[in-house]
Amino acid sequence: MSSSSAPTQGQIEAPNPLELFWERHRRSVLIALTLLGVALIANYGLRYFKKQETNTRWSEVATSANLDAGYTEQGSLWSLLSNQNGSQFLRYYLSQTQEELVFELGRDLEAADDATIDAALADQAGTAAEPLLQWVAAVKAAKARDFDRAAGLLNDLEQNHPEHVICASSSYPTQYRPEIPSEDEEEDERKKRDEPPELEAPAAGSLVALLRAEIERQQTFRQATAWLYEAPAVDASPRVVFKLSNDEEFEVGFYAEQAPQYVAAFLANARKSGEEAPFFEGIAIDEVQREGPAGTPEQLHFGLASTKDEQDRTKWLHTAASGKVLDFVDNDLSHLPFMVAAAPEPAAQNKSSGERVWINVSDAAVRFDGQRVIFGRVTRGEEVLQRLATELPLTTAEMETNGSGQLQTDVRITSVTIIGDVPPEEAPPGEEGK
């Protein structure tokens, strides 16, 4: 009898529930995952295009108002990288470049084109950008002293967007608060050391209301001080016409009653003396300055005797003494655009040059009223001086960056002509330079 082994007990494994689910619902799961992926892609796509649309809208707003100009200019940061030690990067950037972006916003806004802003307003009508554009346009108009346009824009803004943050009233809307001056010097020093300055109380209201109030203050002040905003008429005669080496010319008129010694000195420099040519003939425009963040106005200078025969520009020194020195005269003339003023005499207290002059192309009242003696005004050829001071290239890249220096190509006075009745020739009162 043969032997046989006992049968071995086996184990039947139950199917994995996940596998069963996958086998039964594979198609549905794949379809659901596909739909979910499509939905996610569509959601992110819509968000991306919506963000791009928003970015485009606000970029157009910034461009139309010229508020993006500060990011395209070569400012202090560029100057640092080009000319200074790189270890100063962080301090210089934080203290200078960022400040310039703020300081230059007003200038950049003033340079914006009204027609471009109006076109942007029409294009952005009904969008979130419309109230901001109306506000920007109103601020620009107020800065340009177009008060009627500013008032109209503010009225439209309040009427069309009464709930906007610009129109909403607040106990402390965004505003500039002046420091309260103190007559106690010790108190001033203590505050500088230990405490922040005491500021005037904030004004309640809305941004629109604050701007409207500022416009009213400006209008009232301008009516009371019209002489600060409109230059008085120059004397009927004489006038001096300067022809330049670029074949352009400009004309100067005078205020003899307010500064008789300076007018006499200027006319003497414009007049032939015997066989000698006028002093101004052959003189070069030796310096131009462009508007800067610190409030430097656009202006140009001439009358430096060393520019006449000396080709080495390093010897065109403003520190050298003038050939004629006059006592300072305090008159009521203000540095409105295109005023002609005597340059202060170097190293001489309360003295001015009887030869060297500055002509400010932009308003320079805040910077130079009370510091220079105004005795004349450009009466013709303003656009010529505007180009000289703002458009022609300067000698070096550093000068271009700083906005101050000598013109790359010499521009000289080639002839001087006096037109009209001229007082008898005599030496104006003053001190001969040594």
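All heavy atoms count here, side chains included; hydrogens, waters and symmetry mates do not. Because the structure is a prediction, the values reported are computed rather than measured.
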Rounded to the nearest 0.5 Å, the OG atom of Ser353 sits from the NE2 atom of His301 at a distance of 7.0 Å
Say you draw a straight line from CG of Asp286 to CZ of Arg313; how long is it, rounded to the nearest 0.5 Å? 9.5 Å
When rounded to the nearest 0.5 angstrom, what is the spacing between CG in Leu153 and CD in Gln134? 6.5 Å
First locate atom CG of Asn155, then atom CZ of Arg212, and finally report the distance between them rounded to the nearest 0.5 Å. 5.0 Å
Can you list the steps and then say if Leu35 with Val38 is a side chain to side chain contact (heavy atoms under 4.5 Å, CB included)? CA-CA 5 Å; Leu35 292 175; Val38 170; 5.6 Å; no
Do Glu355 and Asn269 come within less than 4.5 Å of each other through their side chains, counting heavy atoms only? yes
Could you tell me if the side chain of Leu407 sits less than 4.5 Å from the side chain of Thr395, heavy atoms only? no
Is the shortest side-chain heavy-atom distance between Glu345 and Ser322 below 4.5 Å? yes
Measure from the side-chain N and O atoms of Gln371 to the backbone N and O of Arg367, and report whether any donor-acceptor pair falls under 3.5 Å. yes
Looking at His318, is its backbone amide N or carbonyl O close enough to the side chain of Arg356 to form a donor-acceptor pair, meaning the two atoms are under 3.5 Å apart? yes
Which heavy atom of Leu210 sits nearest a heavy atom of Ala204, and at what distance? CD2-O, 4.3 Å
Nearest non-hydrogen partners of Val373 and Ser352, listed with the distance: CG2-OG, 3.9 Å
Salt-bridge contact Glu249-Arg380 (side-chain N to carboxylate O under 4.0 Å): yes
For the student: nearest non-hydrogen atoms of Val378 and Gly381, plus distance: CG1-C, 4.5 Å
Main-chain N/O of Glu298 paired to Ser362 side chain as donor or acceptor, under 3.5 Å: yes
Glu400 with Arg290: basic N within carboxylate O range, under 4.0 Å: yes
Over all atoms of both residues, closest heavy-atom pair of Leu336 and Ala231: CD1-N, 3.1 Å
Ignoring hydrogens and angles, tell me if any N or O in the side chain of Arg177 forms a donor-acceptor pair with the backbone of Glu200 under 3.5 Å. yes
Write down the atom of Gly205, the atom of Pro173, and the distance for their closest heavy-atom approach. O-CG, 3.4 Å
Run the side chain to side chain donor-acceptor pair (under 3.5 Å) test on Thr127 and Gln124 for me, step by step, so that the C-alpha distance in whole Å, both residues' side-chain angles and the decisive distance to 0.1 Å come before the verdict. CA-CA 6 Å; Thr127 71; Gln124 300 292 342; 3.1 Å; yes
For the pair Arg372 (side chain) and Ala343 (backbone), establish whether a donor and an acceptor sit closer than 3.5 Å, ignoring hydrogens and angles. no
Side chain proximity check, Lys351 to Asp327, heavy atoms < 4.5 angstrom: yes
Nearest-0.5 Å distance, CD1 of residue Ile285 to CD of residue Gln406: 12.0 Å
Taking the side chain as C-beta and beyond, is there a heavy-atom pair between Arg145 and Tyr229 under 4.5 Å? yes
So do the side chains of Gln299 and Val361 get within less than 4.5 Å of each other, counting heavy atoms only? no
CD/Glu391: more than 12 non-hydrogen atoms of other groups inside 6.0 Å: yes
Just do the side chain to side chain contact (heavy atoms under 4.5 Å, CB included) check on Phe254 and Val240 with the steps written out, would you? CA-CA 9 Å; Phe254 302 100; Val240 175; 3.6 Å; yes
Decide yes or no for Val234 and Tyr255: does some side-chain heavy atom of the first lie under 4.5 Å from some side-chain heavy atom of the second? yes
Note, Phe328 side chain near Gln349 side chain (heavy atom, < 4.5 Å): no
Under the side chain to side chain contact (heavy atoms under 4.5 Å, CB included) rule, what do Asn331 and Phe375 come out as? Steps first, then yes or no, please. CA-CA 9 Å; Asn331 56 38; Phe375 61 88; over 6 Å; no
Interatomic distance, CG@Asn360 vs CE@Met339, rounded to 0.5 Å, equals 8.0 Å
Once the angle between the rings of Phe266 and Phe280 is folded into 0 to 90°, is it parallel (under 30°), tilted (30 to 60°) or perpendicular (over 60°)? tilted
Sort out for me which residue in Glu398, Glu287, Met399 forms a side chain to side chain contact (heavy atoms under 4.5 Å, CB included) with Ser404. Glu287
With side chain to side chain contact (heavy atoms under 4.5 Å, CB included) as the criterion, how do Ile374 and Gln258 come out once you've worked through the C-alpha distance, each side chain's angles and the decisive distance to 0.1 Å? CA-CA 8 Å; Ile374 298 172; Gln258 289 91 336; over 6 Å; no
Locate the shortest heavy-atom distance separating Leu317 from Thr314; write the atom from each residue and the value. CD2-O, 3.3 Å
Are any side-chain N or O atoms of Glu130 and backbone N or O atoms of Gly126, one a donor and one an acceptor, separated by less than 3.5 Å? yes
Around atom NZ of Lys308, are there more than 12 heavy atoms from other residues, nucleotides or ligands closer than 6.0 Å? yes
Hey, is the main chain of Ala119 close enough, under 3.5 Å, to the side chain of Asp123 for a donor-acceptor pair? no
